[in-house]
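Scroll down for the structure; my scribbles are underneath it.
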Amino acid sequence: IDNILIAMVAIIGLNLVTGFAGLISIGHAAFVGVGAYALAVSARLLGDGHLLITHAWPLMLLFCGAIGALFGAFVGLPALRLKHLYLAIATLSLQMIFQWTINFLPLFNQGQTIPVGRVYWITGEVSRKDHYLFWYYVLVVIVAAFGLAARNLLRTRYGRSLVAVRDNDRAADAMGMHPGMTKVLAFALAGFFAGVAGGLHTYVYRGAGIESFTLQQSITYLAMAIVGGLGTLTGAFWGPAAILLLDLKVENLVEWLGGYLPSSMNLATAFKPLTFGLVIVLFLMFEPRGIANWWRICRSYLKLWPFRY
């Protein structure tokens with residue numbers, strides 16, 4: 001559940017940049033990784049038991065978000081001149097640059113896990129037994145707060161400018177908006193949400209390693225946004241839950257089938273990518289508006305039920 005909630009925080013940011021601003025980003029895992037390594041490197045330089053790491057963890061999460069926003073604004077600079085496929089390739093290249101940097105620089109422990117100490121709450125240090133339960137409540141509060149913040153943001157002139165630039169950037173420019181700065185703002189917002197998600201990932205799993213922020217994870221994030229529903233706030237909640245629960249159910253199915261099929265058939269290697277790709281293709285073909293559209297239909301039905309009109 002903690003993993004699903006962390007992904008929800010990240011997908012809120014991805015939905016802002018891809019769903020509402022219409023900018024394709026294939027390097028969202030790099031944004032999450034920047035926030036995670038901002039915290040992990042701070043723990044390595046200051047010590048994993050430093051007061052800032054263990055006691056001032058809310059400030060450290062905001063610090064991770066700020067670093068992610070700066071990285072996102074830097075990544076958004078190519079959006080001033082690039083669009084569509086070219087922008088997607090630019091974000092993909094930055095994802096690869098991020099992975100190379102983490103894997104080869106000693107500051108980041110060459111991609112190996114950098115540990116982080118246990119945090120403290122009002123009652124003292126959070127024990128191993130209460131670790132995941134404590135972060136579950138923290139994540140619920142953060143997801144609710146970020147969801148409300150994103151909802152209110154979309155009602156402001158900045159949120160409306162994201163949608164206007166997505167629909168027609170030339171018309172938005174003629175109406176007095178700045179398409180270039182709006183695109184940079186979209187990437188900065190996505191970087192902030194992703195940075196906080198990365199800091200949460202580091203705290204929950206007590207460390208950061210490159211295996212959690214690869215290109216495959218970026219594609220998984222994009223699949224979560226597509227399945228949940230691009231351009232909808234509720235899609236940021238449905239998508240991560242659907243994809244991660246599907247992954248868990250596929251693992252259980254593979255384990256069950258392993259008892260009946262020969263061990264030479266490596267089902268886990270073949271079946272999980274098959275179902276993952278199949279779900280994305282089916283949603284793009286038959287329900288491009290994602291699970292959020294199902295939620296919209298059910299909510300509209302309940303508003304009228306039991307009356308027909």
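Just so we're clear, the structure is a prediction, and the values are computed from it rather than from any experiment.
- Clustering of Ile, Leu, Val, Met, Phe, Trp and Tyr by side-chain heavy atoms under 4.5 Å joins Val165 with none of the others.
- Between Trp135 and His131, the ring-plane angle classifies as perpendicular under the 30° and 60° cut-offs.
- For Arg118, the CZ atom is densely surrounded, since the number of other residues' heavy atoms within 6.0 Å is greater than 12.
- When the shell of 6.0 Å around CD1 of Ile1 is examined, it contains 12 or fewer heavy atoms from other residues, nucleotides or ligands.
- Checked by atom type and distance alone, the side chain of Asn109 never pairs as donor or acceptor with a backbone atom of Ile114 at under 3.5 Å.
- Under the 3.5 Å distance criterion, the side-chain polar atoms of Arg44 are matched with a main-chain donor or acceptor of Leu107.
- For Gln110, the CD atom is densely surrounded, since the number of other residues' heavy atoms within 6.0 Å is greater than 12.
- Partners of Tyr221 by ring-ring contact (aromatic ring centres under 6.0 Å, His included), not counting sequence neighbours, listed by chain and number: His28.
- Thr232 places a side-chain N or O within donor-acceptor distance of the main-chain N or O of Gly229, the cut-off being under 3.5 Å.
- The aromatic ring centres of Trp100 and Phe108 sit 6.0 Å or more apart.
- Around OH of Tyr136, the count of heavy atoms belonging to other residues, nucleotides or ligands within 6.0 Å does not exceed 12.
- Asn103 places a side-chain N or O within 3.5 Å of a backbone atom of Gln99 that can act as its donor or acceptor partner.
- Taking OH from Tyr132 and CG from Asp2, the interatomic distance works out to 8.0 Å, rounded to the nearest 0.5 Å.
- Between Glu211 and Thr113, the closest side-chain pair of non-hydrogen atoms falls below 4.5 Å.
- With a 4.5 Å cut-off on side-chain heavy atoms, Val140 and Val143 do not count as touching.
- Remark: the backbone N or O of Ile243 is not paired with any side-chain donor or acceptor of Asp247 at under 3.5 angstrom.
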Which atom pairs, donor and acceptor, lie under 3.5 Å between side-chain atoms of residues 53-71 and protein residues at least two apart or in another chain?
from: Thr54; atom 1: OG1; to: His50; atom 2: O; distance (Å): 3.0
from: Trp57; atom 1: NE1; to: Tyr120; atom 2: O; distance (Å): 3.0

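- One hydrophobic cluster, built from ILVMFWY side chains closer than 4.5 Å, holds both Trp238 and Ile4.
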